[in-house]
Amino acid sequence: MAESYKIATFASHTALQILKGARDEGFGTVLLCPENRKKFYSSFSLADKTIETESIGELDKIAGQLNKENAIIIPHGSFVAYGSLQKLIETEMLYFGNRKILPWESDRQKEREWLKKAGIMVPRLYDAPEKIDSPVIVKFFGAEGGKGYFLTKNQKDFEQKIKSSKGKAYQLQEYIVGVPIYIHYFHSPLSGETEIMSCDRRWETNVDAIGRIAAKDQIDLSLESSYTVVGNAPLVIRESLLPELLEIGERVVETSKKLVDKKGLFGPFCLEGVLTPKMEFYVFEVSARIVAGTNVYINGTPYTWLKYNKPVSTGRRIAMEIKQAIKENRIEEVLG
Ligand code: AMP
Ligand code: AMP
């Protein structure tokens with residue numbers, strides 16, 4: 001049954017758990033892999049076939065080969081970060097997820113419109129540097145994991161700090177003080193159910209390092225905050241917050257159906273935000289695909305353990321959905 005389709009992805013980000021999940025559900029696996037990573041990835045023996053691919057930007061050239069193999073591509077963060085959005089949308093391939101949602105998640109204005117329509121709190125935006133009157137985080141466009149972001153407090157300070165990033169599109173966003181939390185969801189187009197899979201927190205350099213240095217030294221050393229992600233750690237949030245967070249995820253899915261088509265957002269997705277002392281969750285980003293924080297739970301997440309009674313990672317949950325779709329003759333419903 002699963003033999004008629006294979007599962008394919010690109011060697012980085014969450015590829016290991018995607019391949020492992022596919023294997024666990026009985027699928028053959030294909031890995032698109034740059035030459036210099038072959039040794040590393042082959043040491044896990046998770047790919048039945050490896051196709052040498054220098055960059056995910058070459059996806060359009062390999063698509064024909066993947067189609068012949070009946071391989072379903074599972075997109076992850078590197079697809080958006082290093083590939084071309086246009087190619088990703090236009091290339092003819094079996095793609096798990098709805099590509100129509102990609103323009104909404106990759107454009108910060110549209111993403112914000114989506115969240116607001118879903119009735120979710122978002123940080124205030126400043127449309128010009130001269131209007132900055134509170135702590136602001138300056139964010140660049142694209143999934144670059146916080147690279148280059150900086151904090152600022154007024155126009156003069158902003159003009160100074162933006163010099164090294166001239167020409168790049170940015171957004172001026174109110175800086176929310178609280179605990180940053182990344183919530184991993186999965187929406188099943190087959191059952192119509194949204195699940196909370198897990199949560200993580202990130203380690204970002206150097207904001208997560210500055211607290212190790214006394215305030216006086218931070219000033220003496222003229223340290224500036226930066227937000228380049230280096231890894232993730234598990235986090236379980238108060239159980240009493242889970243029902244509301246699930247509802248927020250459901251609203252994001254429901255709203256997406258009005259924005260694109262009735263399939264809307266499905267598969268794994270993540271809401272990234274900050275929980276404030278008033279227990280308000282401000283969302284600053286949606287990722288419409290598997291996020292790297294799920295790597296913390298390759299051997300299963302707290303909630304999938306409760307629900308499925310076996311170790312289900314997000315990678316495996318994807319494979320389970322595809323398997324069910326094949327079984328029920330509904331494969332079109334998980335492709336987009
Ligand atoms: P990579 O293949 O590691 O370069 O990652 C692809 C994209 O995903 C980049 O934009 C990264 O910033 C982002 N990313 C990678 N690893 C993580 C992580 N552990 N947590 C959050 N984002 C990540
Ligand atoms: P993003 O690229 O939107 O995922 O943001 C990268 C990092 O910047 C996040 O992981 C947070 O640590 C931080 N961050 C982003 N937006 C805000 C915000 N509005 N308030 C506080 N921290 C933020």
Side-chain angles (χ1 to χ4, degrees), residues 9-18 32-34 36-37 40-41 53-57 75-83 85 105-109 111-112 115 120-126 132 134-152 168-184 198-211 224-235 268-277 280-298 314:
T9 197
F10 181 74
S12 68
H13 197 264
T14 39
L16 291 171
Q17 66 157 305
I18 291 171
L32 310 178
C33 190
N36 61 3
R37 294 187 200 164
F40 173 77
Y41 278 91
T53 315
E54 268 331 292
S55 141
I56 193 59
H76 55 55
S78 305
F79 283 63
V80 195
Y82 310 122
L85 184 64
E105 73 130 31
S106 58
D107 176 318
R108 287 200 184 277
Q109 303 293 349
E111 186 176 46
R112 190 177 168 82
L115 290 167
I120 289 166
M121 281 195 291
V122 292
R124 195 148 56 102
L125 271 196
Y126 293 84
I132 299 175
S134 72
V136 156
I137 180 162
V138 182
K139 305 171 82 165
F140 298 100
F141 285 49
E144 280 191 68
K147 201 168 152 214
Y149 293 5
F150 59 86
L151 278 187
T152 188
K168 277 172 103 177
Y170 62 80
Q171 192 179 61
L172 304 173
Q173 209 176 76
E174 172 192 11
Y175 184 84
I176 309 286
V177 181
V179 177
I181 296 183
Y182 306 82
I183 306 167
H184 319 142
S198 43
C199 312
D200 75 287
R201 63 151 303 181
R202 285 186 189 168
W203 287 90
E204 294 169 335
T205 184
N206 59 12
V207 279
D208 290 314
I210 284 178
E224 294 291 352
S225 318
S226 60
Y227 296 82
T228 306
V229 64
V230 288
N232 312 73
L235 180 82
F269 69 99
C270 176
L271 294 182
E272 315 183 355
V274 174
L275 253 172
T276 69
E280 289 170 330
F281 188 51
Y282 281 84
V283 176
F284 52 73
E285 192 152 320
V286 187
S287 291
R289 48 157 174 94
I290 186 169
V291 291
T294 61
N295 281 338
V296 169
Y297 304 103
I298 293 185
T314 296

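First listed ligand is number 1; within each ligand, the first listed atom is number 1. None of these values were measured; they are calculated from a predicted model.
- Applying the 4.0 Å criterion to heavy atoms of S12 picks out, from ligand 1, the atoms 2 (O).
- With a heavy-atom cut-off of 4.0 Å, E174 touches ligand 2 through its backbone alone.
- Interface of R202 with ligand 2, defined as ligand atoms under 4.0 Å from a residue heavy atom, comprises 4 (O), 10 (O).
- The closest approach between a heavy atom of Y182 and any atom of ligand 2 is below 4.0 Å.
- Summarising the contacts of atom 22 (N) of ligand 1 with D200, T228, V229, the nearest heavy atom is found in V229.
- Residue-ligand proximity, P123 to ligand 2, at heavy-atom distances under 4.0 Å covers atoms 19 (N).
- Shown here are the ring pair (Phe, Tyr, Trp, His ring centres under 6.0 Å) partners of F269, two or more places apart in sequence or in another chain: Y185.
- The aromatic rings of F140 and Y149 are tilted relative to each other, their planes meeting at an angle between 30° and 60°.
- Ring geometry for Y227 against Y175 counts as tilted: the plane angle lies between 30° and 60°, on a 0 to 90° scale.
- Among residues two or more places apart in sequence or in another chain, the side chain to side chain donor-acceptor pair (under 3.5 Å) test is passed with D107 by none.
- Relative ring orientation between Y182 and F284 is described as perpendicular, the plane-to-plane angle rising above 60° on a 0-90° scale split at 30° and 60°.
- Between the side chains of S134 and E174, no donor N or O sits under 3.5 Å from an acceptor N or O.
- Looking at Y149 against ligand 2, only its side chain comes within 4.0 Å, counting heavy atoms.
- Considering I137, V207, D208 only, the shortest heavy-atom separation from atom 23 (C) of ligand 2 involves I137.
- Both the backbone and the side chain of S78 come within 4.0 Å of ligand 1, judged by heavy-atom distances.
- Remark: ligand 2 atoms within the under-4.0 Å shell around heavy atoms of E272 are 4 (O).
- Put simply, the side chain of S12 reaches to within 4.5 Å of the side chain of R37, judged on heavy atoms.
- Distance check, rounded to the nearest 0.5 Å: CG of D200 to CD1 of I181 gives 9.5 Å.
- In terms of polar-atom proximity, defined here as any N/O pair under 3.5 Å, Y175 makes no such contact with ligand 2.
- For ligand 1, the atoms sitting less than 4.0 Å from at least one non-hydrogen atom of A81 are 7 (C), 10 (O), numbered in the order shown with element in parentheses.
- In the vicinity of A292, heavy-atom distances shorter than 4.0 Å reach the ligand 1 atoms 16 (N), 17 (C), 18 (C), 19 (N), 20 (N), 23 (C).
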For Q109 and L125, run side chain to side chain contact (heavy atoms under 4.5 Å, CB included): C-alpha distance rounded to whole Å, both residues' side-chain angles, the deciding distance at 0.1 Å, then the answer.
-> CA-CA 10 Å; Q109 303 293 349; L125 271 196; 4.1 Å; yes

